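Because the structure is a prediction, the values reported are computed rather than measured. Read the numbers this way: they start at 1 and go in the same order the structure lists the ligands and their atoms.
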Amino acid sequence: MLAAGQGTRMRSALPKVAHPLAGRPIVRHVIEAARGAGVGDVVVVVGAGAEAAAVRAAAGDGVRFAVQARPLGTADAVHAAREAAGDAGGVLIMNGDVPLVRADTLRRLMAALDGDGSDLALLTASVPVESYGFIELDGDTVMRIVETKETEGLDRAGARPINSGQYAVRADWLWARLPAIAPAPNGEIYLTALAEMARDAGRPAVAVWAADPAEVRGINDRVQLAEAEAVMRDRIRRAHMLAGVTIADPPSTFIDAGVRIGPDTAILPQTHLLGETSIGSGCAIGPGAFLRDATVGDRCVVRFSMIEESTVEADVDMGPYSHLRPGSYICQGVHIGNFAEVKSSRLGRNTKMGHFSYIGDAQVGEDVNIGAGTITANYDGTRKHATTIGDGAFIGSDTMLVAPVTIGRGAATSAGSVVTRDVPDGAMAIGAPARIRAKHAREGQDGAQEESAAD
Ligand code: UD1
Ligand code: CA
């Protein structure tokens, strides 16, 4: 997989193949297509410069790397992988910047070497020739590849069979021919020269047609990046819809490649499902939901809300306008209403947090009622502190829980209380700063009863 080029047309500090496409680095899509086609051993050719670290990170685990000392062209890049390729009998050469190619298509490309005596097969489709290399064909026999960039007076909007940069090649033939390629006028050594060599040797390359012309599209600049993004997103949405997910307004729904969604879930307009998000079945997500690396159980409702790096069990409803920040764990049956923020906290089963609250660094039990305006004051200006709230506790409206603090099981706080000390099980905290009383004192306290557990 060739990924050592500079990608100058992106005009970016980030190497081209590390740019995200539907939530994954471009090169990762190419690697996955190769794996899907049964390629077990992937060698990614990276440069020797500082930017190579970003390419390596983008390619991820489970691949090997070969270093091309200087970007002397695509044939030189393949040569850099000679040692890593070992004695493999066949090589699939892929451009790291052609991410829409499908596994099935690559399988057909590799199969084209079987039987018919060709040493080289290359993938093509007819698309506007732009800056690609195009193929001169005689039937499906390849005569040569011509770089559009180096051809004067060509209609670049006109469709031609282009060179996708994906090749299947017999290894012994490849390794024998590579050193014989003469440099182009710009000093680069072009892999595309192999096509002419094969023809001249009397065993011409064979062209394999992609099922979908989008598969051969490369990404050289950000216009092509956006075009590829549109194609990839459309594919992802279609796959979910065909698997039983309702998507009310596909154009306003953005779903990353790593997202999983159960059947009979509806994704409503203006929704972003990003990263490694996983959603159960029977949910209604959106309108206006933004989920990143979220795990959501069955039958959840998430309206106009944001969930980041958090887990939500089944039967949770949330929103509008609430936010789960990283490290939150929301148990089954929880209700999170309007303008609630939860960070690095656990909310136990059936707990209700209806209105205007912040819960951070807290362990909250089951069946707790968190009154409107409740805040965990978890930060003292230097350090973060924890709050614990026991099962069945009742936190009155506008309670300030000054951490570290523990509210016992079945305990209560009065409206407007500022709790600076632990409240034992079944006790009641009243006032600012709060005094602790026995629970029955709750009767007759204005405010404490204002907030019902129901709503
Ligand atoms: C190349 C092909 C062109 C084809 C197009 C398909 C050549 C000479 N041209 O053109 O026929 O239509 O791809 O998208 O092969 N790379 C290296 N080391 C290098 C140079 C490039 O690793 O020294 C890598 C790049 O990172 C990239 C790939 O090879 O992933 C293709 O290089 P790029 O410069 O984008 O070639 P194109 O001009 O697109
Ligand atoms: Ca390219």
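- Contact annotation for L72 and ligand 1: only backbone heavy atoms (N, CA, C, O) come within less than 4.0 Å of the ligand.
- By the 3.5 Å distance cut-off applied to N or O atoms, G133 is counted among the residues near ligand 1.
- Around atom 1 (C) of ligand 1, the closest heavy atom drawn from N95, V98, V30, D97 belongs to N95.
- Heavy atoms of other residues, nucleotides or ligands lying less than 6.0 angstrom from NE2 of H79 number 12 at most.
- The atoms of ligand 1 that sit less than 4.0 Å from any heavy atom of Q68 are 17 (C), 18 (N), 19 (C), 22 (O), 23 (O).
- Between the CG atom in L100 and the CD1 atom in I26 there is a gap of 9.5 Å [rounded to 0.5 Å].
- Here's the thing with I162: none of its N/O atoms is less than 3.5 angstrom from an N/O atom of ligand 1.
- Between R349 and D367 no salt bridge is recorded (no basic side-chain N to carboxylate O distance below 4.0 Å).
- A salt bridge links R233 with E229: at least one charged nitrogen is closer than 4.0 Å to a carboxylate oxygen.
- The N/O atoms of Y190, backbone and side chain alike, include none that comes under 3.5 Å of an N/O atom in ligand 1.
- Heavy-atom proximity to atom 17 (C) of ligand 1, evaluated over G5, G165, G7, is greatest for G5.
- A salt bridge is absent between D380 and R383: the closest approach of a Lys/Arg side-chain nitrogen to an acidic carboxylate oxygen does not fall below 4.0 angstrom.
- At least one N/O-N/O distance between K149 and ligand 1 falls below 3.5 Å.
- Counting backbone and side-chain atoms alike, N220 contributes an N/O/S atom closer than 3.0 Å to the Ca ion (ligand 2).
- Neither the backbone nor the side chain of S131 has a heavy atom within less than 4.0 Å of ligand 1.
- Contact atoms of ligand 1 toward G96: 30 (O) (distance under 4.0 Å to a heavy atom of the residue).
- Contacts between A3 and ligand 1, counted as non-hydrogen atom pairs separated by less than 4.0 Å, involve the backbone only.
- When the Ca ion (ligand 2) is compared with the N/O/S atoms of D97, atom OD2 turns out nearest.
- Closest to atom 29 (O) of ligand 1 among all protein heavy atoms lies L2 CB, 3.4 Å.
- The shortest separation from a heavy atom of N220 to ligand 1 is under 4.0 Å, placing the residue in contact.
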